[in-house]
Amino acid sequence: MGLFKNIFGANAYSNRELKRIEPIKNKVLALEEEYGKLSDAELKGKTQEFKDRLASGESIDSMIPEALATVREGAWRVLEKKPYPVQIIGAIVLHQGRIAEMRTGEGKTLVACVASYLNALTGLGVHVVTVNDYLAKTQAEEMGKVLRWLGLTVGCILHGLDNNQRRQAYSCDVTYATNNELGFDYLRDNMVTHKEERVQRKPNFAIVDEVDSILIDEARTPLIISGKGDKSTQLYSIVDRFAKTLTPTTVVEMDSKEDQDALNETADYIIDEKAKTATITQRGVKKAEQVFNIDNLMDSENLTLLHHINQAIKANGVMKNDIDYVVRDGEIVIVDEFTGRMMEGRRFNDGLHQAIEAKEGVKVKSESKTLATITFQNFFRLYNKLSGMTGTAMTEEDEFKEIYKLDVISIPTNKPVIRIDHNDQIYSSEKGKYSAIIEQIIECNKKGQPILVGTVSIEKSELLSAMLKRKGIKHNVLNAKQHAKEAEIVAQAGKYGSVTIATNMAGRGTDIMLGGNAEFLARAELRKREMPEELITEAIGFADTDNPEVIKARKLYQELFDRFNREVKEKAVAVREAGGLYILGTERHESRRIDNQLRGRAGRQGDPGESCFFLSVEDRY
């Protein structure tokens with residue numbers, strides 16, 4: 001397969017499929033003038049017309065050009081956003097039940113709206129899946145304006161809704177929700193006594209944003225509904241104290257049995273960095289038998305103790321604070337290794353979370369028993385039709401095809417990508433690498449070129465931050481500890497002279513615009529004027545309202561936005577002259593796709609930009 005890709009080009013298949021889609025796209029564009037002349041009432045009336053034609057037996061595919069032309073014109077009239085031809089192609093790809101690879105900044109939110117309108121005409125429901133509540137809410141409000149204007153109903157599933165609110169949202173033509181909310185609602189529905197208590201309908205069609213993150217990275221992540229168990233937590237603390245007395249040794253990868261035998265004599269347990277495992281040695285077993293006064297740790301009656309010891313050495317030897325988890329308010333919060341976000345409410349399973357709690361000296365919570373569970377992989381395969389969008393799907397093309405029977409179509413950008421991707425810079429030591437990174441940051445900063453520095457852990461981001469502070473360079477840091485400021489920090493990473501350090505940039509959901517982001521500048525100004533946070537949320541929202549206070553706040557917000565937008569456009573010229581956004585990777589990630597996601601933050605919509613990875617022979621990967 002790799003040989004054929006090298007000979008014929010990785011996008012040969014996509015190019016063939018795009019040629020098949022081209023005539024459909026041309027039919028949509030050909031209707032632009034005709035539909036532009038329709039009155040609002042006539043354009044809105046198209047929705048019922050399409051539904052009637054479906055009811056009379058016409059296929060939805062036969063209505064693609066007309067339906068997409070309708071929603072395209074509707075988006076223009078409501079939001080003053082007219083989908084580009086490449087966005088129409090993306091919507092057709094989604095409708096066909098495929099994955100659309102679209103670069104960062106190409107407007108995937110609007111693409112999902114166009115595809116949702118077409119498929120919602122059946123009345124069977126469309127789920128638009130996002131990675132967090134913030135995106136679900138804002139997309140439901142903004143795109144919901146278009147869909148509601150055209151006569152469809154739109155719902156949004158957020159954390160904290162009761163069952164009646166959820167049932168009402170799921171009954172809508174289009175429902176925006178996170179993958180977690182959808183999965184847990186499915187599990188709860190399968191635990192009810194009467195079918196009338198269920199909140200979801202039969203899964204019909206899903207459009208998954210950041211599809212590689214959800215369907216590949218988190219594919220085997222189990223969603224678990226638990227009940228309280230009755231096991232004691234005291235043993236975790238006892239075993240943790242024992243684990244802290246053991247001597248570990250670290251290997252990158254175990255090479256041979258001779259290596260294993262040698263390590264058995266010198267270490268109590270072995271940490272395998274590549275496999276992320278900890279294995280107790282014969283020497284460690286003997287120490288455990290002495291401390292816990294038992295004859296044979298491997299006897300069946302000692303399996304519980306052995307399990308606790310294995311989890312304790314993994315917690316102490318493998319799991320790292322500020323990389324795999326953070327300690328916040330006396331609790332262990334998992335950090336998603338792919339997105340760098342804190343995963344609220346999630347716990348490591350099989351007693352590992354309790355072992356980490358014991359390690360960090362916080363309250364060890366009781367174990368729980370599983371009442372219902374499903375993986376995202378199995379959940380999303382329940383849908384009649386599944387599609388998705390992301391900026392980096394080609395690297396996982398084989399997995400999508402094998403696991404989900406989904407093919408990947410690479411959609412061309414609206415404007416040519418002119419970003420300069422430099423060759424990797426490789427250094428003999430980590431110290432030398434970081435010195436070069438600081439020099440590059442200073443060089444960019446002197447000429448006003450904004451720079452986004454990508455790190456693989458909280459620890460590394462804070463190390464770089466400390467180095468920059470010593471040099472007196474003003475900068476922002478985005479990692480799991482600053483997750484609350486995520487959107488604001490990302491949004492302003494394109495300002496003239498800005499320096500931003502961030503952990504993995506997958507699925508941030510906020511565009512980096514050269515010169516700055518007018519929306520977030522307007523928000524900051526409203527905060528300066530001491531407007532309540534709840535009112536700011538309403539001021540930037542799109543939900544219908546007759547509240548005079550909200551209407552007044554929206555008017556003020558629009559005035560501020562227009563003012564800042566003019567300023568941002570002027571500053572963007574200076575940023576472009578400085579070379580655009582510079583992406584600096586401090587390490588290669590084990591997944592090439594995550595490196596590509598970081599790189600893809602620069603060069604959106606034809607903007608200039610640069611990218612380069614700085615590596616050393618001492619790096620993990």
Side-chain angles (χ1 to χ4, degrees), residues 20-85 87-98 100 107-128 139-140 142-156 169-176 201-207 383-387 389 544:
R20 291 175 182 162
I21 293 170
E22 190 76 12
I24 307 173
K25 178 208 73 177
N26 290 337
K27 287 179 183 178
V28 176
L29 300 179
L31 293 170
E32 181 176 355
E33 187 177 347
E34 178 188 336
Y35 279 52
K37 292 177 181 176
L38 295 176
S39 67
D40 285 356
E42 287 172 329
L43 193 64
K44 290 177 182 179
K46 286 285 182 183
T47 301
Q48 191 56 49
E49 177 193 320
F50 297 143
K51 288 182 176 181
D52 292 342
R53 285 162 59 182
L54 280 171
S56 65
E58 191 173 339
S59 74
I60 194 167
D61 285 347
S62 67
M63 291 185 284
I64 291 175
E66 297 163 273
L68 297 195
T70 299
V71 68
R72 187 168 186 248
E73 181 62 29
W76 175 249
R77 296 189 189 185
V78 176
L79 300 176
E80 293 187 359
K81 293 181 179 179
K82 183 164 285 188
Y84 302 127
Q87 289 176 302
I88 294 299
I89 293 173
I92 294 168
V93 168
L94 294 181
H95 165 69
Q96 292 175 340
R98 307 163 110 171
K108 292 189 282 289
T109 302
L110 190 54
V111 172
C113 173
V114 173
S116 296
Y117 174 79
L118 173 64
N119 285 272
L121 296 171
T122 63
L124 298 175
V126 176
H127 292 168
V128 181
Q139 290 181 16
E142 185 178 19
M143 297 301 128
K145 274 197 133 181
V146 179
L147 298 169
R148 290 189 187 97
W149 191 83
L150 289 168
L152 298 178
T153 55
V154 179
C156 182
Y170 281 121
S171 69
C172 292
D173 296 312
V174 180
T175 306
Y176 287 80
R201 294 190 282 170
K202 186 178 179 182
N204 174 48
F205 176 44
I207 299 172
Y383 282 83
N384 292 329
K385 185 165 71 172
L386 180 62
S387 67
M389 311 174 292
D544 293 331

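Both backbone and side-chain heavy atoms feed into the values below; hydrogens, waters and symmetry mates do not.
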request  = Carefully, step by step, assess Tyr117 and Leu147 under the rule side chain to side chain contact (heavy atoms under 4.5 Å, CB included).
outcome  = CA-CA 7 Å; Tyr117 174 79; Leu147 298 169; 3.8 Å; yes

task = Give the C-alpha distance, both sets of side-chain angles, the deciding distance and a yes or no for side chain to side chain contact (heavy atoms under 4.5 Å, CB included) between Ile207 and Met389.
result = CA-CA 7 Å; Ile207 299 172; Met389 311 174 292; 4.2 Å; yes

query = Given the rule in the side chain to side chain contact (heavy atoms under 4.5 Å, CB included) test, do Glu142 and Lys81 qualify, once you have shown the distances and angles that lead to the verdict?
reply = CA-CA 11 Å; Glu142 185 178 19; Lys81 293 181 179 179; 2.7 Å; yes

request  = Check the pair Val28 / Glu66 against side chain to side chain contact (heavy atoms under 4.5 Å, CB included), numbers first and verdict last.
outcome  = CA-CA 7 Å; Val28 176; Glu66 297 163 273; over 6 Å; no

task = Under the side-chain hydrogen bond (donor to acceptor under 3.5 Å, both in side chains) rule, what do Lys385 and Asn119 come out as? Steps first, then yes or no, please.
result = CA-CA 10 Å; Lys385 185 165 71 172; Asn119 285 272; 2.8 Å; yes

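Here the closest heavy-atom approach between residue Lys25 and residue Ile92 is recorded as N-CD1, 4.0 Å. Summarising the geometry of Pro83 relative to Ile88, their closest heavy-atom pair is CB-CD1, 4.1 Å, with the distance given to 0.1 Å. Closest non-hydrogen pair, Val154 versus Ala140, comes out as CG1-O, 4.0 Å. When every heavy atom of Gly90 is checked against every heavy atom of Ala100, the shortest pair comes out as O-CB, 4.3 Å. Of all the heavy atoms in Leu31 and Pro65, the pair that sits closest is CD1-O, 3.6 Å. Contact record, Leu94 with Ala115: CB-CB, 3.9 Å, taken as the closest heavy-atom pair.
Formation of a donor-acceptor pair under 3.5 Å by the Arg201 side chain with backbone atoms of Cys172 is found in this model. With hydrogens and angles disregarded, no donor-acceptor distance shorter than 3.5 Å links the side chain of Glu73 to the backbone of Leu43. At distances below 3.5 Å, at least one donor-acceptor pair connects side-chain atoms of Thr175 with backbone N or O atoms of Ala169. Panel note: side chain Asp173, backbone Gly123; no donor-acceptor pair is recorded below 3.5 Å. At least one donor-acceptor pair closer than 3.5 Å links the side chain of Gln87 to the backbone N or O of Tyr84.
You'll find the side chain of Thr47 reaches within 4.5 Å of the side chain of Lys51, heavy atoms only. Counting heavy atoms from C-beta outward, Leu68 and His95 have side chains that stay 4.5 Å or more apart. Counting only heavy atoms from C-beta outward, the side chains of Ser116 and Phe205 never approach each other to under 4.5 Å. Under the 4.5 Å side-chain criterion, counting only non-hydrogen atoms from C-beta, Pro203 is not in contact with Asn384. Proximity of Pro85 to Leu29: side-chain heavy atoms (C-beta onward) are separated by under 4.5 Å at one or more points. A 4.5 Å side-chain heavy-atom check between Trp149 and Lys44 finds at least one atom pair inside the cut-off. Using a 4.5 Å heavy-atom threshold, the side chains of Leu150 and Lys46 count as separate. For the pair Leu118 and Phe50, the minimum side-chain heavy-atom distance is 4.5 Å or more.
A salt bridge links Glu32 with Arg72: the distance from a Lys NZ or Arg NE/NH1/NH2 to an Asp or Glu carboxylate oxygen falls below 4.0 Å. By the 4.0 Å N-to-carboxylate-O rule, Glu49 lies close enough to Arg53 to be salt-bridged with it. By the 4.0 Å N-to-carboxylate-O rule, Lys37 lies too far from Glu42 to be salt-bridged with it.
Atom-to-atom distance recorded for Ile24:CD1 and Gln96:CD is 6.0 Å, nearest 0.5 angstrom.
Between His127 and Tyr176, the ring center distance fails the sub-6.0 Å criterion.
No more than 12 heavy-atom neighbours from other residues, nucleotides or ligands sit within 6.0 angstrom of NZ on Lys27.
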